[in-house]
Amino acid sequence: MDFAFTEEQQMLQDSIRRYLESGYGLEHRARIVAGDEGWSPRTWAELAELGLLALDIDEDDGGIGAGPVGTMLVSQATGAGLLVEPFHSSAVLATRVVSLLAQGERRAQLLDALASGEAIAVLAHEEGDGWDAPLETTAVSEGDGWRLRGRKACVYHAPMARWLLVTARCADGVGVFAVECGADGVDLRAVRTLDGQRAADIALDVLLPTDARLGAGDAAAALGQALDRGIAALCADALGVLDRILVATVRYARERVQFGSPIGRFQALQHRMADMYMQVEQARSMTYLATSACLQDDPDARRAAISAAKVIVSQAARRVGQEAVQLHGGMGMTDELDVSHCFRRLLAFELRMGTIDEHLRRYRETVQADGA
């Protein structure tokens, strides 16, 4: 794929960057994170006005239809801005699930509400001991509806959502169910994540109407496609953070004087910063690979590329984050500098939507199955 971005794509990224740089500084973000809700409805409404909540909605459904490349560019900007609002959870991941599965009036209702910012939806998929573990939540027919039972762990942005898109094991395969957060039998225990965002552990024992299920039949293929696009966008978010922390580290090395000379002139530190740069560029290449893989028709090739990207970007996140903190010294972990906020975001990224070990296993299994 040619990643010489079009003028429209570049303008899309520049618009969100300018917005975040002008009105989403560290002090403003700190107030949001310290608040009870952990997000800003005003910021969410402004993102809707910019059209960014309709970014990954197809044009036929009234959205922008920016596709994986546009989503990647905006996700880079939201990462660099350390956005804590649920852009990835709702505007990317949940919106893609709805677009792939929902039909008729239900589809229009959900997409319109998500695009306008009127409501937030999140995918409740995390299971068991690992992200890619077999589904334990079950959905069985009961009367004229569905009985949904199970637990979901650390679902990002669930406390602010109107709908949970819950994955469950059904008699005919995997199902995805739209569940109102305030429904009887839905118990959310809100938690604050390492990087200052909000998540929830969810217990479910709820009776749902028949039309709560999105789509008919096994949703495994559509869910896999949506999850892979979500991972690619999450890698782009991490890439934006990596760019920010690298720039901050180089700037600090130029300004910090020791023994009468900026520490950036010390050869040993130059080598370490050069290694950081190489890690970031590898992460960039793999993020582009993951984005292009989202356009492939071969699910095995897509899965392999996505998992490879998640591994490489996670490794870069760990290495670059640790080096940045060490090069800043004790100041690197204080809230006054953005390095500490970037470090925590990168550390949380490494654990979201599959760890390094889980994606290495998925990559190995995919490649072996493809070669068999």
Side-chain angles (χ1 to χ4, degrees), residues 5-25 28-29 32-33 37-100 107-123 156-157 160-163 165 195 197-198 226 229-241 243-244 287 290-291 294 345 349 352-353:
F5 306 115
T6 66
E7 183 178 353
E8 291 78 8
Q9 289 170 337
Q10 197 61 60
M11 289 175 61
L12 181 66
Q13 186 181 55
D14 291 343
S15 67
I16 180 61
R17 277 181 172 168
R18 287 194 300 270
Y19 167 76
L20 292 173
E21 288 172 358
S22 63
Y24 206 84
H28 177 70
R29 181 182 183 274
I32 295 174
V33 171
E37 295 183 336
W39 72 299
S40 168
R42 178 180 176 181
T43 298
W44 194 245
E46 290 171 349
L47 292 177
E49 290 177 5
L50 290 170
L52 297 179
L53 305 188
L55 184 73
D56 204 27
I57 297 176
D58 298 335
E59 292 183 13
D60 291 343
D61 292 312
I64 294 177
V69 176
T71 301
M72 178 193 73
L73 291 172
V74 173
S75 295
Q76 278 185 256
T78 60
L82 299 176
L83 188 76
V84 296
E85 280 66 34
F87 176 78
H88 178 266
S89 297
S90 184
V92 177
L93 194 52
T95 296
R96 182 47 33 188
V97 171
V98 173
S99 296
L100 290 172
R107 176 190 184 88
Q109 175 201 14
L110 291 170
L111 291 180
D112 288 349
L114 295 178
S116 66
E118 174 190 339
I120 292 169
V122 299
L123 179 66
Y156 264 71
H157 303 114
M160 58 201 68
R162 175 179 173 184
W163 291 298
L165 306 183
D195 55 341
Q197 301 192 64
R198 296 296 192 274
R229 187 174 298 196
I231 295 170
L234 197 62
C235 287
D237 183 283
L239 177 60
V241 184
D243 282 331
R244 177 169 177 166
T287 298
T291 301
C294 291
R345 179 102 163 197
F349 159 77
R352 286 182 68 182
M353 299 193 77

4.5 Å side-chain heavy-atom contact, L12 and L55: yes

Where is the tightest heavy-atom contact between A91 and L52, given as atom of each residue plus distance? CB-O, 4.3 Å

To the nearest 0.5 Å, tell me how far R244 CZ sits from L239 CG. 14.0 Å

Looking only at heavy atoms, the pair that brings A232 and C294 closest together is CB-SG, 3.8 Å

Given side chains that start at C-beta, do those of Y156 and V122 come closer than 4.5 Å, heavy atoms only? no

Can you find a pair of side-chain heavy atoms, one from V69 and one from F5, that are under 4.5 Å apart? yes

side-chain contact (heavy atoms from CB on, under 4.5 Å) between V241 and L82, worked out: CA-CA 7 Å; V241 184; L82 299 176; 4.2 Å; yes

Taking every non-hydrogen atom, the tightest pair across V98 and R107: O-NH1, 3.7 Å

Main-chain N/O of Y19 paired with S22 side-chain donor or acceptor, under 3.5 Å: yes

With a 4.5 Å cut-off on side-chain heavy atoms, are V74 and F87 touching? yes

How long is the gap from NE2 on H28 to OG on S40, to the nearest 0.5 Å? 5.0 Å

Distance in Å, I120 CD1 paired with S89 OG, rounded so as to fall on 0.5 Å steps: 9.0 Å

Indicate yes or no: at least one non-hydrogen side-chain atom of H88 is less than 4.5 angstrom from one of T78. no

Hey, does the side chain of R198 reach the backbone of V84 with a donor-acceptor pair shorter than 3.5 angstrom? no

What pair of heavy atoms forms the shortest contact from V92 to G230, and how long is it? CG1-CA, 4.5 Å

Value for CD (Q76) from CG (D243), rounded to nearest 0.5 Å, stands at 6.5 Å

Can you see which heavy atom on S75 is nearest to which on A233, and at what distance? CB-O, 3.4 Å

Can you tell me if Q13 uses its side chain to pair, donor with acceptor, with the backbone of L73 under 3.5 Å? yes

For the residue pair T71 and T291, establish whether any side-chain heavy-atom pair is separated by less than 4.5 Å. no

Quickly, which of H157, Q197, E85 forms a side-chain contact (heavy atoms from CB on, under 4.5 Å) with W39? Name it, please. E85

Going from OG on S90 to CG on D56, what distance comes out if it is rounded to the nearest 0.5 angstrom? 11.5 Å

To the closest 0.5 Å, what do you measure between CG (L123) and OG1 (T95)? 11.0 Å

Do E8 and M11 have side chains that get closer than 4.5 Å, going by heavy atoms? no

Between L93 and M353, is the side-chain contact (heavy atoms from CB on, under 4.5 Å) condition met? List the steps. CA-CA 11 Å; L93 194 52; M353 299 193 77; 4.2 Å; yes

Where do G81 and Y24 come nearest, in terms of heavy atoms and distance? O-CD2, 3.5 Å

